[in-house]
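Count residues from 1 along the sequence.
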Amino acid sequence: MGMYLRIAGRTDAGRVRKRNEDAFLAMTLDDGASSSSPRWTGRLDVGPRGALVAVSDGMGGAQAGDVASGLVLSSLAEALTGPSQAKTSHATIAGAVKEAHRSVWQEGCSRGVEMGATLTAAFVRGTHAYVAEVGDSRAYLLRGGSITQLTKDQSYVQMLVDRGAVSAEDAQDLPFRNIILQAMGYQRTLSVDLGRIDLCRRDCLILCSDGLSNDVKADEMRDVILRSGSLIEAADRLIALANERGGRDNETIVLVGVGGDLPPANRGEPVHQVYRVLETFDA
């Protein structure tokens, strides 16, 4: 039967902003079958070249944020579906992120504007998911009824938390929590965090932009997903919940249900034992 992914993605402009600068993508790399916005659900069979699921949030304060987020995802997909090379999965996703960053940077230079976007991408290959992050869009893992945030925000507020200047709880209410320190294509060079997780049957990966995570807590995401009849119902309900709480930003969420020939989760095994940051590399 092999491994497959059941995908549900939603993106919404929210209640305040007129334009949606978020984007998402889910695709198989063997045949190029892919999702479409703003609402998509489907099954992706994971072949030898793997599958890609990604979220990008165009910078609202920069020009052409929607162009930047779309270009991040299309460039990433193009780099991963290009001629196959004898690379490890680790090197494959790292190289693709670098190519996507250069594409956005060059487009901004040619237009004479500042363009930037976040990126959180899961490259699924074999029995692993490689998670790359730039900015403050997030990836979570829902396993065995527990949810864990895999990524760490590259944001000014997170830097303050790391330095002990504010608590994680107080940081949620700071007015400048949307200031990010890294963005694809916005500065000439940037630092990319790359991790890897061993996947298990019935895992659910959650990728979302900060418009969702700022208004819906991780435990609430878990509860909505577990109580919903399907992944697309859960995605719809989570977007609706963020809008009920003001919808101050664009909101995007992609839910990735993992199935097929994989071992079940080991009950009680901490996620940090199966997820590790491989490196932080410059792009």
Side-chain angles (χ1 to χ4, degrees), residues 1-11 23-56 69-104 119-134 137 139 141 150 184 192 194-208 230-232 235 252-264 274-275 278 281 283:
M1 179 171 58
M3 183 168 67
Y4 62 87
L5 307 175
R6 294 197 182 277
I7 311 286
R10 274 291 315 272
T11 185
F24 72 84
L25 175 69
M27 68 179 298
T28 54
L29 301 177
D30 291 276
D31 59 14
S34 64
S35 62
S36 60
S37 296
R39 185 178 189 268
W40 187 85
T41 183
R43 168 175 162 153
L44 301 180
D45 292 316
V46 181
R49 297 193 67 173
L52 171 69
V53 183
V55 166
S56 183
S69 61
L71 185 55
V72 164
L73 298 185
S74 63
S75 299
L76 187 68
E78 183 178 357
L80 287 172
T81 54
S84 181
Q85 299 179 9
K87 291 182 178 180
T88 63
S89 298
H90 176 174
T92 297
I93 186 64
V97 172
K98 291 177 182 179
E99 286 295 326
H101 169 59
R102 282 193 289 267
S103 294
V104 181
L119 172 67
T120 295
F123 173 46
V124 179
R125 194 175 190 183
T127 60
H128 312 292
Y130 297 81
V131 180
E133 183 199 21
V134 176
S137 295
L141 172 69
L150 301 179
M184 298 281 287
V192 184
L194 179 64
R196 190 186 82 169
I197 186 165
D198 302 321
L199 295 172
C200 294
R201 190 167 63 248
R202 299 184 66 82
D203 278 350
C204 182
L205 292 170
I206 305 162
L207 277 61
C208 65
S230 66
L231 290 180
I232 195 62
T252 300
I253 187 161
V254 182
L255 304 178
V256 185
V258 180
D261 295 334
L262 288 168
V274 293
Y275 180 79
L278 298 176
F281 63 88

Novice: Which heavy atom in Ser89 sits nearest to a heavy atom in Phe123, and how many Å separate them?
Specialist: O-CE2, 3.7 Å

Novice: What's the shortest heavy-atom distance between Ala23 and Ser69, and which atoms?
Specialist: CB-OG, 3.9 Å

Novice: For Asp45 and Tyr4, indicate whether the former's side chain and the latter's backbone hold a donor-acceptor pair under 3.5 Å.
Specialist: no

Novice: How far does OH of Tyr130 sit from CG of Leu194, to the nearest 0.5 angstrom?
Specialist: 8.5 Å

Novice: Taking the side chain as every heavy atom from C-beta outward, state whether Val53 and Val124 have any pair of such atoms under 4.5 Å apart.
Specialist: no

Novice: Are the side chain of Thr120 and the backbone N or O of Ser137 linked by a donor-acceptor pair below 3.5 Å?
Specialist: yes

Novice: Can you name the side chain to side chain contact (heavy atoms under 4.5 Å, CB included) partners of Ala121, sequence neighbours left out?
Specialist: Leu52, Ala54, Leu76, Leu119

Novice: Using every non-hydrogen atom in the two residues, find where Ala139 and Val131 come nearest and quote the distance to one decimal.
Specialist: CB-CG1, 4.0 Å

Novice: Between Asp30 and Arg49, is there a donor-acceptor pair closer than 3.5 Å when you use the side chain of the first and the backbone of the second?
Specialist: yes

Novice: Nearest 0.5 Å, please: how far is CG in Leu262 from CE in Met3?
Specialist: 5.5 Å

Novice: Taking all non-hydrogen atoms of both residues, which atom of Met184 and which atom of Val72 are closest, and how far apart?
Specialist: CB-CG2, 3.8 Å

Novice: Does Leu44 reach the side chain of Val46, with side-chain heavy atoms less than 4.5 Å apart?
Specialist: no

Novice: With rounding to the nearest 0.5 angstrom, report the OG to CG distance, Ser36 to Leu25.
Specialist: 10.5 Å

Novice: Which residues pass the side chain to side chain contact (heavy atoms under 4.5 Å, CB included) test with Ser230, sequence neighbours left out?
Specialist: Ile232, Glu233

Novice: How many angstroms lie between CG in Leu150 and CD1 in Ile197, if you round to the nearest 0.5 Å?
Specialist: 5.0 Å

Novice: Please round to the nearest 0.5 Å and tell me the distance separating atom OG of Ser56 and atom CG of Leu71.
Specialist: 9.5 Å

Novice: Run the side chain to side chain contact (heavy atoms under 4.5 Å, CB included) test on Leu255 and Ile253 for me, step by step, so that the C-alpha distance in whole Å, both residues' side-chain angles and the decisive distance to 0.1 Å come before the verdict.
Specialist: CA-CA 7 Å; Leu255 304 178; Ile253 187 161; 3.8 Å; yes

Novice: Give, for atom CD of Glu78 and atom OG of Ser103, the distance between the pair rounded to the nearest 0.5 Å.
Specialist: 7.0 Å

Novice: Strictly below 4.0 Å, N to O, side chains only: are Asp203 and Arg201 in salt-bridge contact?
Specialist: no

Novice: Does any N or O in the side chain of Arg125 come within less than 3.5 Å of the main-chain N or O of His90, such that one atom is a donor and the other an acceptor?
Specialist: no

Novice: Can you name the salt bridge (Lys or Arg N to Asp or Glu O under 4.0 Å) partners of Glu99, sequence neighbours left out?
Specialist: Arg102

Novice: So, for Ser35 and Phe24, which heavy atoms are closest and what is the spacing to 0.1 Å?
Specialist: OG-CE1, 3.8 Å

Novice: Go through it in stages, so that I can follow the logic: the residues are Leu231 and Thr41, the test is side chain to side chain contact (heavy atoms under 4.5 Å, CB included), and I'd like the CA-CA distance, side-chain angles, deciding distance and then a yes or no.
Specialist: CA-CA 8 Å; Leu231 290 180; Thr41 183; 5.8 Å; no

Novice: Does the side chain of Thr11 pick up a donor-acceptor pair with the side chain of Thr252 at under 3.5 Å?
Specialist: yes

